[in-house]
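Input: a single structure, listed below in structure tokens.
Read the numbers this way: they start at 1 and go in the same order the structure lists the ligands and their atoms. For clarity, every value in this text was computed on a predicted model and none was experimentally measured.
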Amino acid sequence: MHINGKTTLFGILGNPVEHSLSPIMHNAAFTHLGLNNVYVPMAPKDLGAALSGLKSIGFRGVSVTVPFKEEVIPYLDSIDATARAIGAVNTLTFTKLSDGSIAVQGTNTDWIGSNAALAQVTELHGASALVLGAGGAAKAVAFGLQKVGATVVIANRTKAKAVALGKELHCAALGLDEIDDVGAEILINTTTVGMAPNINHCPVAPHLLSQYKVVMDIVYAPLETKLLHEAKACGCAVIDGLDMLLFQGAEQFRIWTGHTAPMEVMRKALVTALG
Ligand code: ATR
């Protein structure tokens with residue numbers, strides 16, 4: 001990468017952002033395709049001021065992560081219907097209008113990422129899925145599944161949160177201790193259970209895993225979580241947490257550059273970064 005006077009700017013807004021893998025993934029892709037672009041981490045104190053600054057400086061595309069995915073919405077000039085329905089934006093695109101002003105458009109590629117990751121190994125239309133967790137990630141994953149015609153059940157440690165999300169999405173909701181007989185084909189963990197340093201924790205009792213065809217974990221540190229290790233041993237197809245990150249990033253890359261993302265290059269850069 002050779003930064004010069006013509007380099008186009010991209011980045012990620014989050015706080016904290018120093019552990020984000022997005023700069024590694026996007027810069028590897030820019031370099032591979034010989035694009036004169038750079039992607040930088042940014043942790044603004046004042047989101048509104050930061051967005052004005054990004055517009056003024058000429059940023060072309062920005063990812064948005066925790067805690068700004070909802071907070072960013074009032075600052076946008078437009079938001080697509082899906083991001084509006086999910087209530088969260090993870091991708092901003094800056095466009096110069098004919099009068100010289102800059103418009104900021106918000107979208108959400110998280111649900112596209114989870115669907116694409118799952119679609120590698122299974123048909124989603126008509127499938128049934130159990131989504132563990134009731135936070136922002138669970139909502140995007142569940143929304144994506146419903147959008148392509150899958151049936152979703154939400155289960156969460158704090159059942160009231162699962163019930164609230166279930167009401168929003170018009171789907172069944174359970175406590176995490178009520179999932180023994182759900183009978184879904186796909187299991188997706190969107191909770192933080194199993195994330196380093198708690199690598200021996202598993203959100204589901206291992207003896208329950210053999211009922212699932214596919215198990216996906218959005219935790220990527222470690223890459224093989226206890227959940228995925230146990231699921232593999234039960235013969236399930238497994239999808240690790242890098243895939244959702246990769247596929248949502250690939251969609252951002254396509255939106256911003258018009259190029260198909262070099263997925264293998266991006267994955268290799270992520271795996272190297274994770275050691
Ligand atoms: P995100 O927006 O990324 O999904 P979040 O809103 O912090 O993150 O959600 C974290 C999820 O992990 C929640 O569903 C949380 O369950 P609670 O709603 O009961 O807090 C879940 N979670 C975190 N630690 C957990 C644990 N030890 N056991 C079970 N679930 C846990």
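Distance screen at 4.0 Å: atom 10 (C) of ligand 1 has no protein heavy-atom neighbour inside the cut-off. Atom 2 (O) of ligand 1 lies below 4.0 Å from at least one non-hydrogen atom of the protein. Taking a distance limit of 4.0 Å, we find that atom 19 (O) of ligand 1 is approached by some protein heavy atom.
Nearest-heavy-atom check against atom 15 (C) of ligand 1 across V219, N156, T192 picks out N156.
Between the side chains of T82 and N108, no donor-acceptor pair of N or O atoms lies under 3.5 Å. Side-chain N/O atoms of E185 and T122 include no donor and acceptor closer than 3.5 Å.
A side chain to side chain contact (heavy atoms under 4.5 Å, CB included) with T91 is found for one member of I112, V64, T109 and no other, namely T109.
Using a 4.0 Å cut-off between charged side-chain N and carboxylate O, R267 and E264 make no salt bridge.
Atoms of ligand 1 found under 4.0 Å from any heavy atom of K161, numbered from 1 in the order shown, are 17 (P), 18 (O), 20 (O). Within ligand 1, counting atoms from 1 as listed, the ones closer than 4.0 Å to a heavy atom of G133 are 14 (O). Under a 4.0 Å criterion applied to the non-hydrogen atoms of L176, ligand 1 contributes the atoms 29 (C). Annotation for ligand 1: atoms under 4.0 Å from non-hydrogen atoms of A137 are 1 (P), 2 (O), 4 (O). For ligand 1, the atoms lying closer than 4.0 Å to a non-hydrogen atom of G136 are 1 (P), 2 (O), 4 (O).
In this structure, D240 contributes its side chain and E224 its backbone to no donor-acceptor pair below 3.5 Å. In terms of modelled atom types and a separation under 3.5 Å, the side chain of E230 and the main chain of V204 share no donor-acceptor contact. Between the side chain of W256 and the backbone N or O of L92 there is at least one donor-acceptor pair closer than 3.5 Å. Here the side chain of Q146 pairs no donor or acceptor atom with the backbone of F143 at under 3.5 angstrom.
Considering backbone and side-chain atoms together, V193 places no N or O closer than 3.5 Å to any N or O of ligand 1. Looking at A134 next to ligand 1, an N or O pair under 3.5 Å apart turns up. Taking only nitrogen or oxygen atoms, main chain and side chain alike, R157 reaches within less than 3.5 Å of ligand 1.
With respect to atom 5 (P) of ligand 1, the closest heavy atom belonging to the protein is G135 CA, 4.2 Å. For atom 21 (C) of ligand 1, the closest non-hydrogen atom on the protein side is T191 CB, 3.6 Å.
Between Y39 and S63 the shortest side-chain heavy-atom distance falls below 4.5 Å.
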